[in-house]
2 protein chains.
Amino acid sequence: MPLPYQSSLDRRVAIIKALAHPSRLSIAEMLQDGERCVCDIRDLIGGDLSTISKHLSVMRDAGLLDLEKRGLNVYYRLRCPCLLSFLECVDSLAPEGGEANGP
Amino acid sequence: MPLPYQSSLDRRVAIIKALAHPSRLSIAEMLQDGERCVCDIRDLIGGDLSTISKHLSVMRDAGLLDLEKRGLNVYYRLRCPCLLSFLECVDSLAPEGGEANGP
DNA sequence: AAACTACTTGGCGAAATCGCCAAGTAAAGG
DNA sequence: CCTTTACTTGGCGATTTCGCCAAGTAGTTT
């Protein structure tokens, strides 16, 4: 059980930390298109299922995600529709496109 | 010298990481009101000046901050005016006010 | 130019995070 | 009920981050 945060600053930081990892940010991005079950997320991110599950628990504990169990599957969805505009802001800071810029 | 990022994902993550610490988020918040010199920031955040300086370098390297030297002082300012709206989003995820809600 | 102010950088031990493996839980199917 | 599927949790070594101390750099003042 995650401890309650002592301050609103800590809560904000927990939410931001929950996005501050390549796999977790990718999860957030893919969930912008709608809910996904853990196995779908694993297919996209790769790596051990337990690793994915722990990333999801970090995001859950921060309050970023809601989950719903249906049958054998667990479906996650974003609680934060405004994420998209933040990512646009983030990208506006580093506009030179992507991969190690060749000519 | 910070290495160039291999992907746009890494760049995004670096920017988000640069906000994912209580002192650094507080710095970002205070810079929303306008530029500040390092000593002003130190007065607000507290702790060793070298620690503040390293936090600022993380934010600089991520591209969050611009700096300008004037006289003996170094003034930092946000390169990201859209930060504010993201923090509103973050707070909307945890609306129950602040500090460790006692009964 | 020597002393001072305002920072930055190097170094290091302490703490947090990461990802894999193994083991545990819960719903569905045979 | 026993097995299978889908996921979660515990544990642990490896890497990363954190914050202080000490030392270095760059303008300023005297």
Enumerate the protein-to-nucleotides 5-7 of chain D contacts in which both atoms are nitrogen or oxygen and the separation is below 3.5 Å.
from: D:dA6; atom 1: O3'; to: A:Leu72; atom 2: O; distance (Å): 3.4
from: D:dA6; atom 1: O3'; to: A:Asn73; atom 2: OD1; distance (Å): 3.4
from: D:dC7; atom 1: OP1; to: A:Val38; atom 2: N; distance (Å): 3.3
from: D:dC7; atom 1: OP1; to: A:Val74; atom 2: N; distance (Å): 3.1
from: D:dC7; atom 1: OP2; to: A:Cys39; atom 2: N; distance (Å): 2.9

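With sequence neighbours excluded, no residue satisfies side chain to side chain donor-acceptor pair (under 3.5 Å) with A:Tyr75. Applying the side chain to side chain donor-acceptor pair (under 3.5 Å) criterion to B:Ser50, with sequence neighbours excluded, gives B:Asp48. In terms of the ring pair (Phe, Tyr, Trp, His ring centres under 6.0 Å) criterion, residue partners of A:Phe86 (sequence neighbours excluded) are, by chain and number, B:Phe86. With sequence neighbours excluded, no residue forms a side chain to side chain contact (heavy atoms under 4.5 Å, CB included) with B:Lys54.
Each salt bridge (Lys or Arg N to Asp or Glu O under 4.0 Å) pair with one or both residues in residues 13-28 of chain A, not counting sequence neighbours, would appear here, but there are none. Listed by first and then second residue, the salt bridge (Lys or Arg N to Asp or Glu O under 4.0 Å) pairs involving residues 69-78 of chain B are B:Glu35-B:Arg70, B:Glu35-B:Arg77, B:Glu68-B:Arg70, B:Glu68-B:Arg77 (not counting sequence neighbours).
Rounded to whole Å, atom C1' of C:dA6 lies 13 Å from atom CD1 of B:Ile41. Between B:Lys69 atom NZ and C:dT5 atom C1' the separation is 13 Å, expressed in whole Å. If you take CG of A:Leu65 and C1' of D:dT8, they are 15 Å apart, rounded to a whole angstrom. Separating the CG atom of B:Asp61 from the P atom of D:dT16 is a distance of 16 Å, rounded to the nearest angstrom. In this entry the distance linking CD1 of B:Ile45 with C1' of D:dG19 reads 14 Å, nearest Å. A:Leu67 has its CG atom 13 Å from the P atom of C:dA27, to the nearest Å. Remark: P of C:dC7 and CG of B:Leu56 are 10 Å apart, rounded to the nearest angstrom.
No single ILVMFWY cluster, assembled from side-chain heavy atoms under 4.5 Å apart, contains both B:Val58 and B:Leu49.
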In a table with atom names and distances, give each donor-acceptor pair under 3.5 Å that connects a side chain of residues 26-33 of chain B to protein atoms at least two apart or in another chain.
from: B:Ser26; atom 1: OG; to: B:Pro22; atom 2: O; distance (Å): 2.9
from: B:Glu29; atom 1: OE1; to: A:Arg12; atom 2: NH1; distance (Å): 3.3
from: B:Glu29; atom 1: OE2; to: A:Arg12; atom 2: NH1; distance (Å): 2.5
from: B:Gln32; atom 1: OE1; to: B:Leu84; atom 2: N; distance (Å): 3.3

(request) Give the B/S/- string for nucleotides 16-21 of chain C, one per nucleotide from 5' to 3', where a protein heavy atom under 4.0 Å of the base yields B, of only the sugar-phosphate yields S, and otherwise -. (result) -SSSBB
